[in-house]
Amino acid sequence: MRIAPGVEMLELVAEGFGGRSVLHPTLVYDENEAVLIDTGMPGHWDEIEEAMDELHVPISRLKAVILTHQDLDHIGSLPEVVIAKKDIEVLAHRLDRPYIEGDIPLLKTNLSVMKTFIKTMQQEHADEMRRLCENLPKAPVTRVVEDGEVLPYCGGMEILHTPGHTPGHISIYLQKSRVLVAGDAMICVHGKIEGPVKRTTPDLTSAYSSIRRFMRPDIDSVICYHGGAAVGEPKAQIEHLMKELKV
Ligand SMILES: [Zn+2]
């Protein structure tokens, strides 16, 4: 779905974890370069490639992948991306880097955390989950990004460190199209912006103060990884959300 010229919100269906959900990586591109923000679950790369094909964006144009954070549904296809495009830059925040690189197990998807959950699953799903936890996706982060940094890609991408959902969670503001890619700092439900999912956000206090970073006059559209694009006036929605959450 086209959000603005050169900003495509992708739609990937993820099965598993006891349900079906739709994930929304963002592809930002112009005639010279393209950047993928988040990579879906393991096995999603083929669909991302297909979507790029339809947009006539060749893989040779893909310069970087930016990871909003370490969660499995965001880094899932990263190993496939770095195989498909060997010289690609992989960008993430310093605090989530060791998880993405596999030095420490992912905060939320690892064997010790998932043990009790796995016990409740059907055998076949339990085996799949165990296999996944033993082979978590990983790849080297070639460049760490800091809060306030502006990456030169596609007319400028401003990095906002928005911790809470994970310590190194970032959101990305696309300067040319005035689109905010919120990652999991917020979600969208039927086009309406809501706060982050409580169950999967270990530090809610930080997560709520991170939303304050989105109070700015220059946001025309918001893409949430879960739930997609906000419908209507995103600035008013963010303001309303802040009142609701009392931040
Ligand atoms: Zn997520």
Side-chain angles (χ1 to χ4, degrees), residues 1 3 8-28 35-45 47-48 51 65-81 90-93 95-97 99-100 102 104-110 113-114 117 129 132-133 136-139 141 145 159-172 179-204 206-208 210-211 213-214 222-230 241:
M1 182 186 180
I3 303 299
E8 187 78 12
M9 180 178 81
L10 309 183
E11 295 189 15
L12 305 174
V13 175
E15 309 273 358
F17 291 109
R20 181 179 184 274
S21 65
V22 181
L23 311 174
H24 296 286
T26 300
L27 183 74
V28 190
V35 173
L36 177 66
I37 303 176
D38 289 331
T39 68
M41 291 291 281
H44 267 149
W45 172 240
E47 280 173 61
I48 296 172
V65 52
I66 305 176
L67 301 163
T68 58
H69 63 291
Q70 59 170 293
D71 284 354
L72 179 67
D73 53 333
H74 297 253
I75 68 162
S77 288
L78 178 63
E80 295 153 83
V81 177
V90 178
L91 296 90
H93 192 272
L95 293 176
D96 272 18
R97 179 188 202 171
Y99 302 91
I100 296 166
I104 25 181
L106 300 180
L107 265 179
K108 299 172 206 169
T109 313
N110 63 64
V113 168
M114 300 300 279
F117 183 51
M129 182 54 75
L132 187 64
C133 288
L136 290 171
K138 60 179 176 186
V141 171
V145 291
I159 302 297
L160 307 172
H161 182 212
T162 45
H165 186 71
T166 70
H169 186 284
I170 54 170
S171 305
I172 296 115
V179 174
L180 172 70
V181 181
D184 286 5
M186 304 189 293
I187 62 164
C188 224
V189 179
H190 306 301
K192 190 176 158 278
I193 296 173
E194 292 188 7
V197 177
K198 286 186 184 150
R199 187 175 49 83
T200 55
T201 303
D203 183 355
L204 267 181
S206 300
Y208 288 168
S210 286
I211 295 173
R213 301 293 304 279
F214 305 144
V222 174
I223 301 174
C224 297
Y225 196 72
H226 301 279
L241 174 66

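Just so you know, ligand 1 is whichever comes first in the structure, and atom 1 is the first atom listed for that ligand. Remember, it's a predicted structure, so these values are computed and weren't measured experimentally.
- Inclusion of His165 in the first shell of the Zn ion (ligand 1) is not supported: no N, O or S atom falls under 2.8 Å.
- Distances from the Zn ion (ligand 1) show that His226 has an N/O/S atom below 2.8 Å.
- There is a side-chain donor-acceptor pair under 3.5 Å between His169 and Thr162.
- The backbone N or O of Thr200 lies less than 3.5 Å from a partner atom in the side chain of Lys108, making a donor-acceptor pair.
- A centroid separation of less than 6.0 Å is found between the aromatic rings of His161 and His93.
- Coordination check, Asp73 versus the Zn ion (ligand 1): passed, since an N/O/S atom of the residue sits under 2.8 Å.
- Looking at Asp184 and the Zn ion (ligand 1) together, the shortest N, O or S contact belongs to OD2.
- For the residue pair His165 / Asp184, a side-chain donor-acceptor distance below 3.5 Å is found, with atom types taken as modelled.
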